[in-house]
Amino acid sequence: MKTFSLIFLYSASLISQIDVKQDKLAHFGAGALVSVLAYGPIHKLTKSAPKALLYSTACAVLVGAMKEAYDLKYGKTDFNGADLAMTAFGGFTASSVIIISVTNKSKRKQLEKIEKLKKEEQLLPKEIPVTATITDVGLNLND
């Protein structure tokens with residue numbers, strides 16, 4: 001998780017130094033939207049946050065590549081690698097935010113369960129060990 005956070009922060013610092021145009025913001029938003037929509041079903045299927053991050057980002061890249069291919073064939077512009085990179089970064093950013101929030105939430109729930117179990121354990125009556133036996137009382141059953 002620390003690796004994902006470092007990659008995210010490093011990427012964000014690089015992007016923040018670039019003069020971003022409206023077209024790039026649109027590509028970033030489209031990548032984020034595709035990634036968010038893909039993350040849930042992928043995570044449910046794989047049961048793995050890193051795989052869901054990878055695959056949902058790949059979905060954003062795939063959609064961005066298809067859009068750039070469409071622009072190349074039917075649009076007024078050529079294939080633009082910067083647009084594709086912004087789409088990919090938007091997908092990665094959105095998936096990273098989901099992973100960070102879900103992971104923190106699940107850890108918090110686990111800690112709450114542990115605290116609840118500790119409280120319940122304290123409320124349970126303690127067993128009192130019985131050390132007296134019938135022979136200690138003075139009864140002899142063999143007579």
Side-chain angles (χ1 to χ4, degrees), residues 1-139 141:
M1 184 52 65
K2 291 180 183 178
T3 306
F4 291 130
S5 299
L6 290 174
I7 292 171
F8 171 71
L9 291 174
Y10 179 71
S11 303
S13 69
L14 289 177
I15 294 297
S16 65
Q17 298 173 10
I18 299 173
D19 183 28
V20 181
K21 297 180 182 177
Q22 289 294 341
D23 180 52
K24 302 295 186 244
L25 289 176
H27 282 276
F28 182 88
L33 179 66
V34 168
S35 183
V36 166
L37 292 175
Y39 186 88
I42 291 171
H43 187 267
K44 189 175 183 179
L45 183 67
T46 62
K47 307 265 191 272
S48 169
K51 285 182 182 179
L53 170 71
L54 179 67
Y55 296 154
S56 62
T57 303
C59 287
V61 171
L62 180 65
V63 169
M66 290 188 321
K67 195 269 183 200
E68 292 302 318
Y70 178 83
D71 284 348
L72 181 63
K73 186 166 184 172
Y74 300 109
K76 298 175 186 174
T77 61
D78 291 334
F79 191 92
N80 190 343
D83 287 348
L84 181 59
M86 284 302 288
T87 306
F89 183 67
F92 176 76
T93 303
S95 294
S96 298
V97 169
I98 291 172
I99 285 178
I100 291 168
S101 64
V102 168
T103 303
N104 288 341
K105 186 177 180 181
S106 66
K107 285 182 182 178
R108 188 172 50 245
K109 283 184 178 182
Q110 288 176 350
L111 289 174
E112 288 173 0
K113 285 181 183 179
I114 290 170
E115 291 298 321
K116 184 179 176 183
L117 289 173
K118 284 182 181 178
K119 287 180 183 178
E120 288 176 359
E121 186 178 274
Q122 290 174 352
L123 295 177
L124 291 175
K126 302 288 185 206
E127 288 187 25
I128 301 172
V130 178
T131 57
T133 60
I134 294 177
T135 57
D136 290 342
V137 180
L139 297 173
L141 298 176

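Values below: every heavy atom of this structure, side chains too, minus hydrogens, waters and symmetry copies. In this chain, residues are counted from 1 in sequence order.
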Q: Over 60° means perpendicular and under 30° means parallel, so classify the ring planes of His43 and Tyr39, tilted if in between.
A: parallel
Shortest non-hydrogen contact from [X] toward [Y]:
X	Y	result
Cys59	Ile42	SG-CD1, 4.1 Å
Ser95	Leu53	CB-CD1, 3.2 Å
Ile98	Val36	CD1-CG2, 4.0 Å
Asn80	Glu68	N-OE1, 3.0 Å
Val61	Leu84	O-CD1, 3.6 Å
Ser56	Ala52	OG-O, 2.7 Å

Q: Look at atom CZ of Phe79 and say whether more than 12 heavy atoms of other residues, nucleotides or ligands are closer to it than 6.0 Å.
A: yes
Q) Considering only heavy atoms from C-beta outward, does the side chain of Asp71 approach that of Lys67 to under 4.5 Å? A) yes
Q: Output the distance between atom OG1 (Thr87) and atom CZ (Phe92), rounded to the nearest 0.5 Å.
A: 15.0 Å
